[in-house]
Amino acid sequence: MFHVTKRLLLRPAWPEDAEALFGGIADRGVVRNLARAPWPYLPEHARQFVAMEKNPMTPSFLLTLPGSDGSSIIGGAGLGDLDGGVELGYWIARPYWGRGYATEAARGVLEVARLLGYERVQAGHFVDNPASGKVLRKLGFRPTGKTVKRHSCGRGEEAECVTYLLDLAADDGPSLQAA
């Protein structure tokens with residue numbers, strides 16, 4: 001599955017992406033904000049990720065930024081299973097932080113979620129990563145009012161996670177068009 005946004009191409013990971021993926025995600029500052037990525041993140045983890053069987057109902061994308069010399073992998077985003085529902089997740093490589101790529105990529109994944117028939121999407125961020133909360137609120141997610149302990153493989157322990165919901169089925173729900 002592919003999806004195009006204003007600046008990005010969201011596409012599946014291929015075996016030849018392992019080295020570039022490793023180059024972007026093998027950063028403690030990135031991995032510590034993720035629940036499922038291990039630390040230290042090793043080349044073998046990237047190879048395992050690109051070789052994983054894909055579930056069309058929970059797509060995972062690499063975020064590529066087209067340029068004059070080809071495309072660069074700048075992050076990842078996708079949907080995952082969580083507590084009987086679907087969860088939005090994303091990460092951006094450090095050199096691309098603060099440029100709106102997380103919001104743009106996540107908006108693209110939400111467009112895919114809507115096309116797949118999802119009515120609600122969950123998301124969360126660790127309390128010490130308020131930038132991710134800002135992204136979620138820009139996308140129309142509403143805080144649930146709950147903070148839960150969530151295991152972070154990158155931290156090697158549980159951490160407080162602020163939870164959010166987005167109702168994609170609401171007639172007056174948030175527009176996923178660029179703001």
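Heavy atoms only: backbone and side chains are in, while hydrogens, waters and symmetry mates are out. Keep in mind that what you see is a predicted model, and the values were worked out from it rather than measured.
- Between Gln122 and Tyr164 there is no side-chain heavy-atom pair separated by less than 4.5 Å.
- For Glu119 (side chain) and Asp167 (main-chain N/O), no donor-acceptor pair under 3.5 Å exists by modelled atom type.
- No continuous path of hydrophobic side-chain contacts links Val121 to Leu165 [ILVMFWY only; heavy atoms under 4.5 Å].
- Under the rule for a salt bridge (Lys or Arg N to Asp or Glu O under 4.0 Å), the partners of Glu160 that lie at least two apart in sequence or sit in another chain are Lys149.
- For the atom pair Arg99 CZ and Leu65 CG, the distance stands at 8.5 Å (nearest 0.5 Å).
- Separating the CD atom in Glu158 from the OG atom in Ser152 is a distance of 10.5 Å, to the nearest 0.5 Å.
- The side chain to side chain donor-acceptor pair (under 3.5 Å) search around Ser60 returns none, not counting sequence neighbours.
- The cluster map of Ile, Leu, Val, Met, Phe, Trp and Tyr, joined by side-chain heavy atoms under 4.5 Å apart, puts Val30 and Val127 in the same cluster.
- Residues Leu82 and Leu166 do not share a hydrophobic cluster, clusters being chains of Ile/Leu/Val/Met/Phe/Trp/Tyr side chains in contact below 4.5 Å.
- Remark: His3 engages no residue in a ring-ring contact (aromatic ring centres under 6.0 Å, His included) (not counting sequence neighbours).
- With hydrogens and angles disregarded, a donor-acceptor distance shorter than 3.5 Å links the side chain of Thr144 to the backbone of Thr163.
- Other residues sharing a hydrophobic cluster with Val148 under the 4.5 Å side-chain heavy-atom criterion for ILVMFWY residues do not exist; the residue is a singleton.
- The hydrophobic cluster containing Leu42 does not contain Val50, counting ILVMFWY residues as joined when their side-chain heavy atoms lie under 4.5 angstrom apart, directly or transitively.
- Enclosure of atom CD in Gln48 by more than 12 non-hydrogen atoms of other residues, nucleotides or ligands within 6.0 angstrom is indicated.
- The side-chain heavy atoms of Leu10 and Val109, taken from C-beta on, include a pair separated by under 4.5 Å.
- A single hydrophobic cluster is seen to contain both Met52 and Leu21, as judged by linkage of ILVMFWY side chains at heavy-atom distances under 4.5 Å, directly or through other members.
- For residues 21-39, the pairs satisfying salt bridge (Lys or Arg N to Asp or Glu O under 4.0 Å) are Asp27-Arg94, Arg32-Asp128, Arg36-Glu87, with sequence neighbours left out.
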Requested in this report: Give the C-alpha distance, both sets of side-chain angles, the deciding distance and a yes or no for side chain to side chain contact (heavy atoms under 4.5 Å, CB included) between Thr58 and Asp81.
Outcome: CA-CA 7 Å; Thr58 53; Asp81 295 316; 3.6 Å; yes
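- A heavy-atom distance below 4.5 Å is not found between the side chains of Trp97 and Ile74.
- The backbone N or O of Ala105 lies less than 3.5 Å from no partner atom in the side chain of Thr5, so there is not a single donor-acceptor pair.
- Two residues are said to be in side-chain contact when any heavy atoms from C-beta on lie closer than 4.5 Å; Leu8 and Thr64 fail this criterion.
- In this structure, the side chains of Leu116 and Met1 come closer than 4.5 Å at one or more pairs of heavy atoms.
- For the ring-ring contact (aromatic ring centres under 6.0 Å, His included) test, no residue two or more places apart in sequence or in another chain qualifies with Tyr90.
- Looking at residues two or more places apart in sequence or on another chain, you find no ring-ring contact (aromatic ring centres under 6.0 Å, His included) involving Tyr101.
- For Arg120, the salt bridge (Lys or Arg N to Asp or Glu O under 4.0 Å) test picks out no residue, with sequence neighbours left out.
- Here Leu34 contributes atom CG and Arg155 contributes atom CZ; the two are 9.5 Å apart, rounded to the nearest 0.5 Å.
- Applying the salt bridge (Lys or Arg N to Asp or Glu O under 4.0 Å) rule to Arg47 yields no partners; only residues at least two apart in sequence or on another chain are considered.
- The distance from the OH atom of Tyr118 to the CG atom of Leu110 is 12.0 Å, given to the nearest 0.5 Å.
- Sorted by first and then second residue, the ring pair (Phe, Tyr, Trp, His ring centres under 6.0 Å) pairs with a member in residues 31-74 read Tyr41-His45; sequence neighbours excluded.
- Atom CG of Leu63 is separated from atom OG of Ser71 by 11.5 Å, given to the nearest 0.5 angstrom.
- Residues Ile25 and Val31 form a side-chain contact, since some pair of their non-hydrogen atoms from C-beta on lies under 4.5 Å apart.
- Looking at Pro59 and Leu79, their side chains come closer than 4.5 Å, going by heavy atoms from C-beta outward.
- Screening residues 5-18 for salt bridge (Lys or Arg N to Asp or Glu O under 4.0 Å) gives Arg7-Glu104, Arg11-Asp17 as the qualifying pairs, with residues at least two apart or on separate chains.
- Without hydrogens or angle criteria, Arg150 side chain to Phe126 main chain gives no donor-acceptor distance under 3.5 Å.
- Cluster partners of Trp14, by chain and number: Phe2, Val4, Leu9. The rule joins Ile, Leu, Val, Met, Phe, Trp and Tyr whenever side-chain heavy atoms lie under 4.5 Å apart.
- In Lys54, the NZ atom is crowded: over 12 heavy atoms of neighbouring residues, nucleotides or ligands sit closer than 6.0 Å.
- The structure places CG of Asn33 at 10.5 Å from SG of Cys161, a figure rounded to the nearest 0.5 Å.
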